[in-house]
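Beneath this line is the structure, given in C-alpha cells, with notes to follow.
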Amino acid sequence: MSLGRKRLRMRLSPSVEAIPRSGIRAMAALAQGREGLLHLEYGEPSFFAPEVVRHAAAEALLAERMVYTPTEGPARLREAIVRKLLRVQGVQVADERVFVTHGGVGALYASLASVLGPGDRILMPDPCWPNAVGQVLTLGAEPVFYPLRAEQGFLPEPEAWPVDERTRAILINSPQNPTGVVLPRPILERIAAVARRHGLWVISDEVYDQIYFGERPVSMLEVYAEGTLAAFSFSKTYAMTGWRLGYAVLQPGMQSHTTKLVESCYSSSSMVAQVAALAALTQVEQAEIDAMVDAYRTARDRALELLDAAGRQRYVPEGAFYLMLPVPPGYSSDDFAQVLLERKDMVVVPGATFGQLSDREVRISLAAGADAVAEGVSRWLELSAELERARD
Ligand code: PLP
C-alpha cells in the first residue's frame, strides 16, 4: 500500500469538524494584545469563590491523598446535593439519581450522551449555548432548532415544534444563556405536554438556577418529573468556574448506564473540587450568594434604565447574567461586533455564535459589573445611532 493511500485514512473526525467555530474565541483573538478594551464577552463571575470553599479545599489538599472517587461522586456530596434540590428546587429525588460531573458541561454531556445516538434528533433553542450543540454533533445526533425570537421575548412556541419519528429529546435552558430569559411555568407545562405526547426526554440545563432577579425559576424536574434529565453546576452560583464541578439529575435506574459513559470519558470528577463543592453546599451563607446576584441585578437594572431612556428596551432578562442587544440593519453580528471593537473599544459576543436567528444580536455579560455594563450600553447606543444616521 502506498504512503498516499495510508495517509487517506488519517482523517480528522467528521463529527468534530461539523462543530461550528466559536465566535467567543474569534472575538478574543481579535481583541488579543489590545490595551484598554471594555470586556463584556466573558460568561463568568468576576468574584472569588467564597472563602470557606477555598479553605476547605486547601486544608483537604494538605491533609488528604487526592485519589479517584466513585464515578458518580462520593455519597456525602450526593446527599448534600439531594438536600439542596429539595431546598432550592423543591424537588425530592433519591441519592442514586444524582451524578457528580466535570462541570455543568459534564452534566449536560452525561445526560445527552446517555440517551442520544447517531441519527437521533434533538430539538434545541436558537439561540443556544454553543457547547451543547457541539456535544450533540459529536454524538452523531442532529440538532433541530426551534426559534426564540426577540419580538416574542425570546420565549418558545412548543406546539409549533417539528417532531418526527427520529426526534428523541428536547433541550431547554432556563435561566438562559445567551438571552437571560427564565421560562415561566406555563411554558414549561406546554413543553412537558409536547414531550409527554411524543414520549421525549427533556434535557434541562439549569446551571444558572440560583441566579435570578424576580421569581425563583421553576425546575423542569418538578413539571416533567418522569422524563427530565437536568444539568446543574457549581460554576455560576459560587463563582467556581475553574473548579470544574457540576451534577446531573438522572432518571431512576440510569446510574449504571451513565457510569459506563463517564467512566470511559474521565473516570471520576476531581476530588479536591468535590471537597470544595461540599463546603459550598454546607457552609456558604445564602447572603453571600445574594450579594453576587445583587451585583448582576444592579448591572442589569443600569442597562435597562439606559435602554429605556433611549426608547430601546425590548425585554427584561430575569436570570443568568446576559443581555442581548440588537444589531443595526445591514450588519451581521460578526461585522457589528468588529465595528464595536474598532470604533468603541468594546468586546461583545456576536449572536451568530449562538445560532442563525441570533445573527441579529450581540451578547453582553452582566458579570462584568454595573459600571462596565452601563458604559458598554452607552457605547452601543452611540454606535447604533451613528450607523443608523449614516444609512439615512
Ligand atoms: N450551560 C450553560 C447554558 C452555560 O452557559 C454554561 C457555562 O457557561 C454551562 C452549561 C457549563 O457550565 P460549567 O462551567 O459548569 O461547565
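Atoms within each ligand, like the ligands themselves, are counted from 1 in listed order.
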Salt bridge (charged side-chain N to carboxylate O under 4.0 Å, His left out) involving Asp95 - partner list, sequence neighbours excluded
none
Residue pair Leu188, Ile172: steps toward the side chain to side chain contact (heavy atoms under 4.5 Å, CB included) verdict:
CA-CA 9 Å; Leu188 294 179; Ile172 61 171; 3.8 Å; yes
Do Tyr247 and Phe99 have their ring centres less than 6.0 Å from each other?
no
Distance from Ile170 atom CD1 to Ser204 atom OG, nearest 0.5 Å?
11.0 Å
Enumerate the protein residues lying less than 4.0 Å from ligand 1, judged by heavy-atom distances, in chain and residue-number order.
Gly103, Gly104, Val105, Trp129, Asn173, Asn177, Asp205, Val207, Tyr208, Ser233, Ser235, Lys236, Arg244
In terms of heavy-atom contacts, does CD of Glu388 have more than 12 from other residues, nucleotides or ligands at under 6.0 Å?
yes
Among Phe321, Phe232, Trp129, Tyr296, ring-ring contact (aromatic ring centres under 6.0 Å, His included) partner for Tyr208:
Phe321
